[in-house]
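What follows is a single structure, written as structure tokens, with notes after it.
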Protein chains: 6
Amino acid sequence: MAEDPIDETFRMIRDMRIRGAGRIARAAVKALKDYVSTTDFSSNQELYDKILRAGMKLKSARPTAVSLPNAVNLVLSVAKKNRERNISVKELKELISESCNHFIRTSERAIQAIANIGSKRIVDGDIILTHCNSEAVTAIFTNAKKSGKNFEVYVTETRPRYQGRLTASVLAKRGITVYLIPDSAARLYMHKVDKVLVGADAIASNGAVVNKIGTSQIALVAHESRSRFYVAAETYKLHPTTMLGELVEIEQRSPFEVVPRSWIKENPKVQVKNPAFDVTPPEYIDIIITEQGIYPPQGIVFLMRELYPEP
Amino acid sequence: MAEDPIDETFRMIRDMRIRGAGRIARAAVKALKDYVSTTDFSSNQELYDKILRAGMKLKSARPTAVSLPNAVNLVLSVAKKNRERNISVKELKELISESCNHFIRTSERAIQAIANIGSKRIVDGDIILTHCNSEAVTAIFTNAKKSGKNFEVYVTETRPRYQGRLTASVLAKRGITVYLIPDSAARLYMHKVDKVLVGADAIASNGAVVNKIGTSQIALVAHESRSRFYVAAETYKLHPTTMLGELVEIEQRSPFEVVPRSWIKENPKVQVKNPAFDVTPPEYIDIIITEQGIYPPQGIVFLMRELYPEP
Amino acid sequence: MAEDPIDETFRMIRDMRIRGAGRIARAAVKALKDYVSTTDFSSNQELYDKILRAGMKLKSARPTAVSLPNAVNLVLSVAKKNRERNISVKELKELISESCNHFIRTSERAIQAIANIGSKRIVDGDIILTHCNSEAVTAIFTNAKKSGKNFEVYVTETRPRYQGRLTASVLAKRGITVYLIPDSAARLYMHKVDKVLVGADAIASNGAVVNKIGTSQIALVAHESRSRFYVAAETYKLHPTTMLGELVEIEQRSPFEVVPRSWIKENPKVQVKNPAFDVTPPEYIDIIITEQGIYPPQGIVFLMRELYPEP
Amino acid sequence: MAEDPIDETFRMIRDMRIRGAGRIARAAVKALKDYVSTTDFSSNQELYDKILRAGMKLKSARPTAVSLPNAVNLVLSVAKKNRERNISVKELKELISESCNHFIRTSERAIQAIANIGSKRIVDGDIILTHCNSEAVTAIFTNAKKSGKNFEVYVTETRPRYQGRLTASVLAKRGITVYLIPDSAARLYMHKVDKVLVGADAIASNGAVVNKIGTSQIALVAHESRSRFYVAAETYKLHPTTMLGELVEIEQRSPFEVVPRSWIKENPKVQVKNPAFDVTPPEYIDIIITEQGIYPPQGIVFLMRELYPEP
Amino acid sequence: MAEDPIDETFRMIRDMRIRGAGRIARAAVKALKDYVSTTDFSSNQELYDKILRAGMKLKSARPTAVSLPNAVNLVLSVAKKNRERNISVKELKELISESCNHFIRTSERAIQAIANIGSKRIVDGDIILTHCNSEAVTAIFTNAKKSGKNFEVYVTETRPRYQGRLTASVLAKRGITVYLIPDSAARLYMHKVDKVLVGADAIASNGAVVNKIGTSQIALVAHESRSRFYVAAETYKLHPTTMLGELVEIEQRSPFEVVPRSWIKENPKVQVKNPAFDVTPPEYIDIIITEQGIYPPQGIVFLMRELYPEP
Amino acid sequence: MAEDPIDETFRMIRDMRIRGAGRIARAAVKALKDYVSTTDFSSNQELYDKILRAGMKLKSARPTAVSLPNAVNLVLSVAKKNRERNISVKELKELISESCNHFIRTSERAIQAIANIGSKRIVDGDIILTHCNSEAVTAIFTNAKKSGKNFEVYVTETRPRYQGRLTASVLAKRGITVYLIPDSAARLYMHKVDKVLVGADAIASNGAVVNKIGTSQIALVAHESRSRFYVAAETYKLHPTTMLGELVEIEQRSPFEVVPRSWIKENPKVQVKNPAFDVTPPEYIDIIITEQGIYPPQGIVFLMRELYPEP
């Protein structure tokens with residue numbers, strides 16, 4: 001018997017077989033769409049009750065990935081808004097299905113839109129620094145390169161998991177001049193750097209950006225020598241409940257990413273800390289490049305209210 | 001047949017069998033002393049000519065370690081000053097031998113003097129961050145712990161060679177509460193940190209401090225949240241020829257310290273940069289703790305002129 | 001004979017028998033509601049003319065308290081908008097009465113909503129500093145304490161009228177650890193402080209916050225050591241005519257609040273200044289917590305335009 | 001035969017017989033209006049096609065003056081929106097004509113509205129510095145003077161074309177105390193200056209202001225001593241395509257504005273640079289005064305989205 | 001029987017019948033001089049042993065007043081240096097007596113020298129802010145006024161003991177225009193202020209200045225708007241053992257200076273903090289005016305080494 | 001009859017036939033030497049009295065050029081120190097003559113020494129900005145070019161007298177790539193600039209540098225983007241009486257340097273200000289390059305005390 005699309009998708013996200021903010025979001029929406037279309041409901045209210053439960057399950061798969069609840073909530077809000085209108089269950093199903101399709105299409109286009117917008121900000125001769133590995137950032141660089149621009153990229157190795165090596169590898173293969181540096185060398189090279197460009201994991205209502213550990217340090221270094229600091233992020237990275245006071249939790253990961261197990265055994269009293277993210281305050285960010293255009297970080301709250309009117 | 005003390009010491013320093021600013025300096029001085037005492041000279045001028053040659057050879061063993069030329073030059077200046085006075089070769093030999101002994105004693109005491117002075121700046125409840133592995137810094141922490149003070153230390157792992165692990169290991173064994181963190185996490189924890197304490201490889205006449213790559217970034221982060229930033233350094237770290245305009249060269253080390261050889265093979269176009277040091281400007285340094293007392297970085301020039309009157 | 005509700009309320013506000021931004025606003029709206037419901041009007045136009053006059057009188061009771069004109073203007077705008085629609089006087093009265101009730105309910109809920117939102121930003125172990133005495137700030141602390149959070153609060157005494165003592169007293173009675181300090185000691189303790197939390201008397205369209213004298217100094221000190229600076233304020237503290245260039249006047253109060261009368265007699269040539277408020281620029285404010293959610297100060301202009309479309 | 005209004009206006013703008021952001025915009029709109037009213041179109045689609053071509057021609061007259069495309073695009077959008085509605089060509093012409101009239105009226109009123117709003121920010125005793133020559137700034141000063149305020153103005157000479165002399169001359173004739181200073185003396189006098197007030201050539205979506213070369217330097221100097229920095233600009237200075245990543249180009253003008261021709265002949269190897277504009281980042285700007293009210297620079301994006309919904 | 005001069009002076013300093021850094025120092029030196037001249041010693045060594053004990057007793061009278069040990073140590077060093085020279089007890093007594101007289105004369109002249117030097121930095125039209133009550137600062141203002149300069153002074157009241165009232169009173173009586181303001185109003189008036197001028201209780205080897213609580217906050221506010229910040233201090237305020245790591249202790253005074261006893265009874269859980277001093281870092285200080293001339297704070301270490309060669 | 005060397009030199013300096021800090025100083029010393037050698041004195045005291053008078057006359061020729069009194073005072077101090085020693089008039093004359101020769105030689109070597117020291121700080125690929133026209137700066141650039149270094153120089157035109165054109169012309173003729181820019185364009189190009197290098201007219205005891213108007217603005221701009229800021233100055237630019245409180249006066253020059261006479265006639269009410277110098281605070285200066293080596297600005301006070309022990 002075919003598995004319930006909700007359960008299946010829940011497991012794939014939880015077990016990280018589906019990864020990346022955009023892919024997770026689209027998979028969850030697809031699951032909701034399939035679930036609604038393949039299930040019989042006796043009334044709009046029943047449909048709403050059940051999709052609400054399905055959505056909550058999906059959201060619990062990765063509690064800190066804000067793109068997941070954002071995507072699910074968008075679908076749920078369509079169900080909620082329309083359940084009491086005088087329409088048939090079939091009509092409600094169609095509305096939901098449409099909203100799911102719309103989200104998926106929009107999400108797929110977001111990265112490309114960001115690449116188009118962001119690459120205009122790269123000019124010939126630019127020296128740009130990036131940290132970690134971001135789909136949006138890579139797309140911007142690729143787009144700029146395709147349009148014939150000449151620029152160089154410094155990539156930090158991004159301890160402890162070295163995602164910077166992946167970025168360096170990909171960009172070099174696209175013909176871009178790439179330098180790989182230890183994270184702690186950012187300030188040594190910053191005076192030459194014209195722009196820093198990074199992605200985001202979540203954006204709070206005051207414009208603060210949650211991203212890979214080390215980002216805020218680089219932002220400070222860029223600010224010190226007035227190099228521009230750009231963030232590229234799809235709008236489903238906006239974290240609407242930060243408007244209501246919620247804090248974005250900083251995940252602590254395993255110490256074994258930082259030191260070998262043998263070292264910990266030999267040094268049992270040393271406490272190894274491995275925070276995954278840090279928070280870059282808005283005063284160090286020049287612009288946030290979204291698929292809806294370029295915003296100052298302090299202006300992102302209005303995009304948030306427009307897109308997520310009921311946090 | 002016993003080897004020439006100059007040649008032997010030259011090789012041991014060059015091949016890094018003797019390491020550490022203090023140990024290198026003392027070994028070179030010891031070699032000069034042995035060389036002078038075991039060699040026959042027909043005149044004071046001959047003695048001077050030969051010790052000058054011996055000194056230049058020793059200095060070339062590690063061209064960027066400023067403690068080495070500083071130590072050698074101190075001995076050479078005794079020879080130079082006294083060669084034309086109306087004294088016998090034997091008397092000149094004794095003067096040189098004495099000055100060598102004096103340097104060695106002074107140098108041995110310098111770390112302990114710094115530990116005594118610096119540990120007074122640590123108070124109960126302090127949270128202190130350090131970077132890399134410094135003999136003077138470890139001595140300060142050890143002294144403070146012995147005198148019964150309670151404090152915690154954050155140690156950065158210090159990519160690419162992880163000297164921070166050594167520091168963490170040593171401090172933990174001395175009963176100090178230690179946290180080991182990736183270099184890029186310094187800003188995340190800095191608001192809790194009361195003081196940063198690091199060593200130095202060289203200090204320029206304007207008070208700028210050359211130290212392990214990443215130091216200047218941590219100094220900036222400390223400055224941002226007004227955590228105090230202390231440097232501990234023996235006075236033979238002062239770089240007198242910076243007064244005359246000379247720049248301290250930043251050593252570029254092997255890329256294989258940063259990425260495995262296999263990775264470089266797979267990514268031949270990525271240029272890996274591995275600078276060993278960076279420069280922390282004086283405005284981010286609160287005090288420099290020397291065995292001669294505590295100086296503001298901008299005041300170090302006068303200690304330099306006193307100790308090295310003829311750069 | 002029962003007094004006219006407008007006259008009575010006008011006097012009570014003017015003579016400070018009714019105090020506090022929220023209470024003043026609700027009293028004025030209540031007075032308008034009573035006045036409209038107990039008066040006979042021959043036409044919608046007459047009603048509008050008279051309520052306009054009543055509103056202007058009420059607004060003159062405390063010219064600098066922005067919550068008062070904001071509340072009155074909201075009611076007047078209902079009268080203005082509806083006077084020419086084809087509805088009866090009775091219907092217009094009902095619309096106005098409804099809008100009054102709505103304002104009063106909203107205002108009563110605003111403090112609690114701010115407490116709910118703001119208390120989420122307090123975490124275990126926080127050390128928070130506050131200045132003066134703010135209803136919204138006290139509500140946030142109370143809410144956080146009730147939800148089991150452990151935190152400590154530094155309260156400045158707030159010269160010259162010592163409202164900080166009242167804050168300290170209230171918080172201590174609610175079981176919160178409280179330190180009372182002179183205003184000039186804020187910087188000495190700031191490095192330990194995680195967050196500063198203050199109220200507001202008025203907020204300008206560019207996000208500048210007018211609050212008790214000394215607030216801007218504390219904001220600067222917090223900024224220096226990158227402690228977060230939060231403002232809690234109901235949205236009727238927004239000052240819509242600042243959009244049109246108006247400046248918020250800084251009230252100068254009596255010198256006798258600062259020195260005893262006898263001292264002034266003995267020192268007739270010393271000019272004593274007693275400004276009641278100062279202006280904190282937006283660059284020192286991290287977030288403004290309103291009952292409508294958390295905004296960066298530079299984003300408050302859009303809340304202003306939404307809530308007060310016709311300044 | 002009367003010349004085509006499009007061609008004529010195109011030439012007058014190109015040849016700078018019509019100058020100034022506002023005047024250019026109004027002339028172009030007037031030309032479109034005349035063109036539409038005096039031309040016969042067989043269908044709405046034909047009208048749209050032709051007005052589109054006319055608009056593109058006008059826009060090409062001064063490619064970097066953002067007020068010109070903004071004005072033309074507003075008219076074109078009316079044509080575009082209405083061409084497929086079931087209305088006659090005559091009705092469409094009327095809609096377009098109406099929108100042209102509306103733009104012209106609005107534009108004429110904008111300067112006066114800015115003068116009214118901005119002059120409220122000037123108080124007795126103010127010392128204000130301005131740079132270059134701005135219609136909006138002059139209007140604010142004139143309005144403030146007329147309303148009886150006493151203030152002094154420092155005017156920079158504004159190399160290389162000395163527009164500051166014009167400003168100084170005009171203000172002095174209106175009875176304002178004026179000091180003319182070389183551009184490089186701004187910092188010497190800044191500590192006395194309460195406010196800086198300048199115009200704008202274009203404003204980007206993140207609040208950055210493009211204005212006469214030297215503006216950003218003065219903004220930095222004002223920021224250093226916390227003098228307020230105000231920008232006065234009509235909303236057709238907003239540059240909507242910056243939202244989509246477009247950069248505002250910095251015009252390089254002739255070297256002969258900087259040095260005499262003879263000097264260049266004698267020094268053929270010296271490269272003379274004459275950039276016309278620079279970019280002031282939003283963190284140095286306190287407020288932007290528009291005819292729609294006062295905004296923080298980071299809030300200007302929402303005015304941009306409201307006024308130019310389809311960049 | 002006449003009391004021992006050491007015991008008597010010890011008690012007068014301890015009980016604060018002698019107050020003020022200069023007066024305390026001179027009284028202690030006077031006591032040592034009297035003690036030596038009126039006592040019989042069998043040898044130079046006995047003299048040294050006894051004056052050492054006398055000096056230690058005097059120094060213990062007010063352990064944190066650095067002028068006291070500085071003065072005593074100067075006298076002791078004369079005894080120490082000369083005890084083993086081949087001179088008679090009488091000759092040693094004379095040397096000590098001379099050095100005492102010299103210190104007293106020097107100290108008396110120091111304030112006047114500072115007044116002469118410092119008053120040259122005041123120019124017509126200056127607006128100057130001061131905090132607390134400093135003999136050196138008052139002398140500078142008095143000197144400047146006598147020499148016919150016109151300037152205005154803002155004086156903070158200086159909670160909790162209101163020493164600012166004393167300063168305001170004295171200056172006003174000397175014909176200077178004086179404004180008395182609450183401590184928290186410093187930032188409101190700072191933009192008008194040209195210079196801040198304060199005294200010092202102790203100066204550390206890195207140029208940090210220990211002074212009345214609130215000083216560092218005012219220094220930060222002055223730095224924010226680039227008002228100059230001057231410290232006036234006699235050289236016996238230099239704290240030589242800070243060179244050796246010693247920290248200057250911040251005295252915590254009685255809570256009853258901050259709140260009435262009755263308030264503490266009613267609010268037993270509120271902890272009242274009353275720190276007497278804070279530390280102003282050198283980066284916020286422009287110059288230190290001593291009787292030996294004007295130094296940048298970072299240069300004070302060399303005056304310290306010259307005056308106190310053996311900390 | 002041959003003119004008195006004092007009178008003649010006085011007139012040539014006053015009338016600016018002798019210009020430039022170094023040349024003025026050498027001319028005055030030469031005049032004193034000639035005067036002493038060609039005059040008969042009956043006693044050492046007479047010699048001293050007369051040379052004192054001669055020196056005062058010379059110093060009055062250009063009261064603000066600090067190199068002039070510095071040079072004269074050096075000679076006078078030799079006369080003063082030796083007049084009461086038991087030496088003949090002839091011997092005293094010789095001592096004075098020797099000291100004059102020594103000063104002249106030293107001064108002639110100073111520029112070359114600065115060139116040697118400073119040019120070591122220039123590295124291949126550097127982009128350097130300079131302002132105005134400085135002998136020491138030109139010598140550094142020339143030296144660096146001769147030693148084969150490749151670098152580019154941005155030169156500000158330096159309104160109002162365009163000394164930057166002279167600098168640009170000279171450097172270009174020596175084969176250096178030169179860009180000439182308006183003063184107000186410094187910030188536009190600063191992010192590319194590695195180092196700023198300027199001369200000095202006077203240096204105060206706290207390290208503040210008095211130089212051509214506009215220097216402090218450029219220093220601020222360099223500081224903003226952390227470009228290094230270097231000052232090159234001979235030690236006779238040190239202003240020793242600033243130690244004793246004296247302020248360096250800022251010369252106001254003729255308005256006709258700023259605007260044509262005709263313009264002033266047409267605009268009689270505009271006040272034209274033409275300050276010749278401004279003051280760059282030490283916190284914006286990285287190093288001061290003297291012939292005695294490289295100092296941080298805050299360390300210059302000790303060079304001052306060494307060279308001018310009796311200000």
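Letters A, B, ... mirror the listed sequences (proteins, then strands); counts begin at 1.
Residue I117(B) holds its CD1 atom at 11.5 Å from OG1 of T241(E), rounded to the nearest 0.5 Å. The CD atom of Q298(B) sits 9.0 Å away from the CD atom of E283(E) when rounded to the nearest 0.5 Å.
Ring geometry for F302(E) against Y295(B) counts as tilted: the plane angle lies between 30° and 60°, on a 0 to 90° scale.
Environment of NZ in K192(E): sparse, with no more than 12 heavy atoms of neighbouring residues, nucleotides or ligands closer than 6.0 Å. K57(E) NZ: more than 12 foreign heavy atoms inside a 6.0 Å radius.
At a threshold of 4.5 Å between non-hydrogen side-chain atoms, the residues L247(E) and V123(B) count as touching. At a threshold of 4.5 Å between non-hydrogen side-chain atoms, the residues R305(E) and Q292(B) do not count as touching.
Counting heavy-atom pairs closer than 4.5 Å to chain B, the top residue among V301(E), N206(E), I300(E) is N206(E).
Heavy-atom minimum distance, R121(B) versus E246(E): NH2-O, 3.5 Å. Residues P296(B) and S205(E) share a closest heavy-atom pair of CD-O, 3.4 Å. Scanning both residues, G245(E) and I294(B), for their nearest heavy atoms gives CA-CD1, 3.5 Å.
Using a 4.5 Å cut-off between heavy atoms, E291(B) makes no contact with chain E at all. With a 4.5 Å cut-off on non-hydrogen atoms, P281(E) touches chain B through its side chain but not through its backbone.
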